[in-house]
There are 2 protein chains.
Amino acid sequence: MPKGKKQRITRQRKVILEELRKVTSHPTADEIYQMVKKRLPKISLGTVYRNLEVLSKSGEIQKIDVDENRLRYDGNPKEHYHIKCIICGRVDDLHDLPDFKMEKKTSTITDWEITGHRLDFFGICPACLKAGRKR
Amino acid sequence: MPKGKKQRITRQRKVILEELRKVTSHPTADEIYQMVKKRLPKISLGTVYRNLEVLSKSGEIQKIDVDENRLRYDGNPKEHYHIKCIICGRVDDLHDLPDFKMEKKTSTITDWEITGHRLDFFGICPACLKAGRKR
DNA sequence: GTATTTGCAAATACTTTGCAAAACC
DNA sequence: GGTTTTGCAAAGTATTTGCAAATAC
């Protein structure tokens with residue numbers, strides 16, 4: 001919900017959202033730029049960044065901060081957890097996790113007003129397990 | 001545990017660790033640089049970064065990735081959760097949280113080998129609540 | 001004495017921004 | 001037609017790195 005400004009449906013914004021919705025790989029801004037450039041060769045990286053910002057502010061996509069010092073993006077706007085491979089770096093979604101009731105339990109031990117949480121798991125993905133890769 | 005290399009106790013490394021242990025504010029690398037510079041005026045920011053890396057690799061401190069695109073550091077090597085104020089940005093520790101048994105519950109729904117997790121809470125800190133500050 | 005670490009400066013990685021032209025509604 | 005968005009390039013912010021000199025052990 002932008003305040004005052006009316007959000008337009010530009011070709012660039014549309015394609016960025018479409019491409020991001022196609023994948024489950026949680027790409028970085030530059031990876032999205034590479035994907036989108038195949039359909040819109042003249043698009044600039046700055047436009048990609050600006051649109052990712054707009055789309056995440058309006059709740060159509062999500063930022064994921066599971067890499068140090070750069071963001072990844074998730075075309076799935078629904079809240080869910082992530083798991084990252086400590087060997088190959090791949091990031092998967094985790095659905096159907098039990099509800100840990102963390103906000104509620106946590107509010108009993110602190111005088112903060114809790115508005116949300118972020119939970120990420122780390123581990124070894126099936127491909128790395130199978131290949132016997134070590135850190 | 002560095003492999004092969006023997007880790008030395010330099011003046012810089014010692015002071016960085018001491019200063020970080022003194023505070024509970026989870027400073028950024030540059031904030032640590034400012035703190036340490038008062039005692040070692042000739043230290044360079046690069047040295048601070050290199051030592052923070054060494055210290056976190058050896059488990060004496062922790063990196064916390066709760067800001068987008070920069071790291072904070074925690075002089076407390078013990079595992080614990082964090083809570084960040086969505087208004088003023090302050091980051092506090094959360095101790096004595098109940099054990100959610102998340103690794104165990106999660107391993108039943110995925111074929112990854114889970115090695116750890118990270119959990120951060122977001123909310124409004126007592127100071128911002130009291131001051132009635134809004135986003 | 002030798003391997004590690006430092007200070008410095010330059011380089012790198014990622015992201016943001018100013019501005020005139022183009023696109024949207 | 002007026003406002004938003006784009007492409008481009010430059011700037012900004014955080015972090016890393018090459019190297020000769022200094023330090024730790």
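Labels below follow one simple rule: chain letters A, B, ... track the order of the sequence lines, proteins then strands, and each chain is numbered from 1.
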task: Determine the contact category for Arg50(A): base if any of its heavy atoms lies under 4.0 Å from a base atom, sugar-phosphate if only primed atoms, P, OP1 or OP2 are that close, otherwise nothing.
output: base
query: Passes salt bridge (charged side-chain N to carboxylate O under 4.0 Å, His left out), Arg90(B) versus Asp92(B)? Steps please.
result: CA-CA 7 Å; Arg90(B) 165 179 163 187; Asp92(B) 270 14; 2.9 Å; yes
Pairwise 5' ranking along DNA chain C for Arg8(A) and Ile43(B), keeping only the more 5' one: Ile43(B)
- request: Would you mind telling me which of dT5(C), dC24(C), dT15(C) lies closest to the side-chain atoms of Thr10(A)?
  value: dC24(C)
- line: Tested for side-chain contact (heavy atoms from CB on, under 4.5 Å) against Tyr73(A), the lone hit among Ile61(A), Ile16(A), Val48(A) is Ile61(A)
query: Which one, dT6(C), dT15(C), dT16(D), comes nearest to the side chain of Tyr49(B)?
result: dT16(D)
message: On the nucleotide dT23(D), are OP1 or OP2 found under 4.0 Å from the side-chain N or O atoms that Gln12(B) carries?
response: no
Any Asn69(B) side-chain N or O less than 4.0 Å from OP1/OP2 of dA14(D): no
- request: Please tell me which of Ile9(B) and Glu68(A) maps to the more 5' nucleotide of DNA chain D, matching each residue to the nucleotide holding its nearest heavy atom.
  value: Glu68(A)
message: I need the Ile86(A) CD1 to Phe122(A) CZ distance, nearest 0.5 Å.
response: 9.5 Å
field: Contact under 4.0 Å: Thr47(A) side-chain N or O vs dG7(D) OP1/OP2
entry: yes
query: In Watson-Crick or G-U wobble terms, both distances under 3.5 Å, what is the partner of dC25(D)?
result: dG1(C)
- prompt: Can you tell me if Asp93(A) and His82(A) form a side-chain donor-acceptor pair at under 3.5 Å?
  reply: yes
query: Using a cut-off of 4.0 Å on non-hydrogen atoms, how would the nucleic acid contact of Asn51(A) be classed: base, sugar-phosphate, or nothing?
result: sugar-phosphate
message: Rounding to an integer number of Å, can you tell me how far Glu53(B) CD sits from dA14(D) C1'?
response: 13 Å
